[in-house]
Structures are given as structure tokens and as C-alpha cells.
Amino acid sequence: MEKEKDDILLKVRSSRGCISAGYRLFTGHFKHIFRYSWLAALIYAVFCSVGGAMMIMMPRMMPITAAILIIVECLFASYGFSVLKQHQTFGNILRPAKWFSLDTHIFVRTIKCWLCLFVIYLIASIIIVGIGFAAFKFLSLYTAIGAAALGALVIMCLLLPLTYITMRYILNDGIGFWKQLKIGYGVGMRRWGFIFIVVLVAVIVELLLLMLLSLPAIILSIANTQSMFGVAMGDPYALPSYMPALAAGTFLIIGFLQAYVMLSVLFPIYYMYGSIDAQEQEKQDFNKQQQ
């Protein structure tokens, strides 16, 4: 019973509490999460394998390959949101009844959210480029660099509440993304520091693990780059003939492991969202009592 109380979503927590509760939920239910999502993780890993090999052997295909990988990543992310939706509704993550299933509703909402975020980040990128262009046109070099960096930092800070809005939109039906943005952005800004700490720690953990897992792929990429540079200088291609197969196999294993590393980030953010909503509910209840 005490464990169930610790795992509930709508509970006011510190940033440390959200991080620990999130990773505890992920590791404690990893067996069920894995059984539910392993095929999607394998699909993601296959695309990482093929895409990674293509980026090494055919660098010109990198933009198309990256776009496909983003779509597949969105598919796998929907499995994470699906188990979180289950936990939000039932208070637990249950063993899947089927060896393969897809929550199409959550997947569609994830796609819609990704598209909306793409529009927002595109606009933000245009603004950042505009600030940089104006800074370098009207200011001295070092002042322009500082102004451009400051402008980019401000824009990035303004985008941080989107992590809260994203989780709230995908896990709650009956309201569109843009309306959720209108309702939740002010709430997110008021809790900006809280969101920042949770996201920062989760991202640092993710990046450290991803860097560790990516070492073999980095080594292969460096070896291929050096070999291609040698070919351009007139030397024979120095890598063995099995290099494409080795690269594909390496990226397959790395992609499968990285999928779950990236999925784990959702869980601290899930409790961050629940804590913010719990604080807002307490605030509303207090205001009602004062009336």
C-alpha cells in the first residue's frame, strides 16, 4: 500500500522526488514495459542499423535517413506514453495481454504533438536566425556574438514549458494541442525552475548513457571517414569488405539499447507533470476555501 502511494501521479514532489520516482517506476516495471514495446524497439533498432550504415557509406542520404529515424522514434515514444497513460488511469503498469499491440490513439496524439512542436521549433529557429542576422549587421563582432547567444538562450528558456505541455496533451483527451498550450504555458512558466531541474538531470543521464553506448559507432564512423579521406587522396579503400555488415550489426544493437535509454526520460517528466498538476489543484482548493 505504501509503495502504491509513493507511485501515484498526482502528488506534490520535489524535483529530486520526481526524478527518483520516475526512474523507480521505469526500472520497477521494466519487464512489463519491455514485453509491451520490444518489437517497436526492434523496428527502431533496424532503422538505426540501416540508417547508420547508410550515413556511413552514403553521407548524401543523411537528411532522408534522419527524417525516417525521427518518425520511427515517434512510434517508439508512443509506447512509452501508452504505458504512462495506463499508469495514470489504473495506477499501475500491467503485463500486456498480447505479444504485440499498438495504442493507435496515443500514437496519433504523439504524431500530432510532434508536428505541432516542429512548427513551434521552426518558428523559434527563424527568430534565432533573425536575431543573429540583425546582431551581426548592426553590432560589432564580439557584441553581436554575445547578443546572438543571449537571444538563442532566451528563446530556449521560453520553450522549456513545452515539456510539461507535451506530457499533459498526450495523456489527456478532449483538448487540442494549441488549446493545451494556451492553458498550460503560463502554468509551466510559473514552475520554470522546477521543470528545468527535472529536465536537466534527465537529459544529462540520457546523454551520458547514449555517449557510452555510441562509442562503437563513433569508432566505426571515424575509421570510415579516415578511409574515405584516403580514397579522395588517391589511396585504396582500407576497410574490410565486411564493413557494411559490421556497421549494420553494431547500429542494430546500439539502436535497441538506446531506444530504452531515451524512453526512460519520459518517466521523470511524467511525475514532474503530475506534481505540477497536484500543486495547481492545491492552489485552486485553497483559493476556494478563501472565498
Side-chain angles (χ1 to χ4, degrees), residues 4 7-11 18 21-22 25-26 28-47 67-121 161-185 187-188 195 199 202 255-256 259-278 280-281:
E4 293 180 358
D7 288 343
I8 62 173
L9 173 63
L10 294 178
K11 176 182 177 181
C18 292
L25 180 67
F26 178 74
H29 295 81
F30 182 76
K31 187 176 181 180
H32 292 167
I33 295 171
F34 182 82
R35 286 181 177 177
Y36 176 59
S37 61
W38 71 268
L39 185 57
L42 183 60
I43 294 172
Y44 173 79
V46 168
F47 275 92
I68 296 175
L69 286 175
I70 290 174
I71 295 173
V72 178
E73 182 180 337
C74 184
L75 168 66
F76 184 66
S78 71
Y79 279 81
F81 287 118
S82 181
V83 295
L84 291 176
K85 176 69 173 180
Q86 183 184 104
H87 184 269
Q88 177 180 258
T89 304
F90 303 107
N92 198 6
I93 298 176
L94 305 176
R95 177 176 179 174
K98 301 178 181 179
W99 70 274
F100 172 73
S101 61
L102 172 64
D103 190 332
T104 54
H105 178 69
I106 292 293
F107 177 57
V108 170
R109 288 186 76 82
T110 305
I111 290 288
K112 289 180 179 179
C113 184
W114 254 240
L115 292 174
C116 293
L117 290 174
F118 175 77
V119 172
I120 293 174
Y121 286 122
L162 292 176
T163 55
Y164 163 71
I165 294 166
T166 295
M167 188 65 68
R168 204 170 195 277
Y169 164 72
I170 294 178
L171 297 186
N172 294 278
D173 299 330
I175 185 168
F177 178 87
W178 300 110
K179 188 174 181 180
Q180 189 69 260
L181 177 64
K182 181 180 179 181
I183 295 173
Y185 187 79
V187 176
I195 295 174
V199 172
F256 190 84
Y260 286 100
V261 171
M262 292 185 291
L263 194 70
S264 68
V265 176
L266 297 179
F267 288 74
I269 295 176
Y270 169 70
Y271 278 108
M272 177 199 76
Y273 138 73
S275 179
I276 292 175
D277 276 10
E280 289 298 307
Q281 185 62 52

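Along the sequence shown, residues are numbered consecutively beginning with 1. Since the model is a prediction, treat every value here as computed from it, not as a measurement.
Under the ring-ring contact (aromatic ring centres under 6.0 Å, His included) test applied with Y260, the options Y44, Y79, F76, W38 reduce to a single match, F76. For the pairing with N92, the side-chain contact (heavy atoms from CB on, under 4.5 Å) check across H29, Q86, H32 returns one residue only, H29.
Contact of the W114 side chain with the I111 side chain is not registered, since no non-hydrogen atoms from C-beta on lie closer than 4.5 Å. Looking at S82 and Y36, their side chains come closer than 4.5 Å, going by heavy atoms from C-beta outward. I33 has its side chain within reach of L263: a pair of non-hydrogen atoms, C-beta onward, lies under 4.5 Å apart. Considering only heavy atoms from C-beta on, V72 stays 4.5 Å or farther from V46 through its side chain. Here the side chains of W178 and I120 are in contact, with some heavy-atom distance below 4.5 Å. Side-chain contact between L75 and L102 is present, with at least one heavy-atom pair separated by less than 4.5 Å. Contact annotation: the side chain of T163 approaches that of M272 to within less than 4.5 Å [non-hydrogen atoms, C-beta and beyond].
At distances below 3.5 Å, not a single donor-acceptor pair connects side-chain atoms of Y273 with backbone N or O atoms of I165. Checked by atom type and distance alone, the side chain of S275 never pairs as donor or acceptor with a backbone atom of Y271 at under 3.5 Å. Between the side chain of R109 and the backbone N or O of F177, no donor-acceptor pair lies under 3.5 Å. Within the 3.5 Å criterion, the main-chain N or O of L171 finds a donor-acceptor partner in the side chain of Q88.
Scanning all heavy atoms of the two residues, the minimum distance from Q180 to I175 falls at NE2-CG2, 3.3 Å. Residues L266 and M167 approach most closely at O-CE, 3.5 Å, considering heavy atoms. Minimum interatomic distance between Y164 and G184 (heavy atoms only, all atoms of both residues): CE2-O, 3.7 Å. For the pair I93 and V83, the tightest heavy-atom approach, listed with the atom from each and the gap, is CG1-O, 3.8 Å. Between G255 and A45, the shortest heavy-atom distance links the atoms C-CB, 3.8 Å. Residues L10 and G274 share a closest heavy-atom pair of CD2-O, 3.7 Å.
Distance SG/C18 to OH/Y270: 11.5 Å, rounded to 0.5 Å. Between the OG1 atom in T166 and the CG atom in L117 there is a gap of 4.0 Å [rounded to 0.5 Å].
With ring centers used as reference points, F26 lies under 6.0 Å from F30.
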Take R168 and I276 through the test side chain to side chain contact (heavy atoms under 4.5 Å, CB included) and record every step on the way to the result. CA-CA 10 Å; R168 204 170 195 277; I276 292 175; over 6 Å; no
Evaluation steps, side chain to side chain contact (heavy atoms under 4.5 Å, CB included), between L25 and L84: CA-CA 10 Å; L25 180 67; L84 291 176; 4.2 Å; yes
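Within a 6.0 Å radius of CZ in F118, other residues, nucleotides and ligands contribute 12 heavy atoms or fewer.
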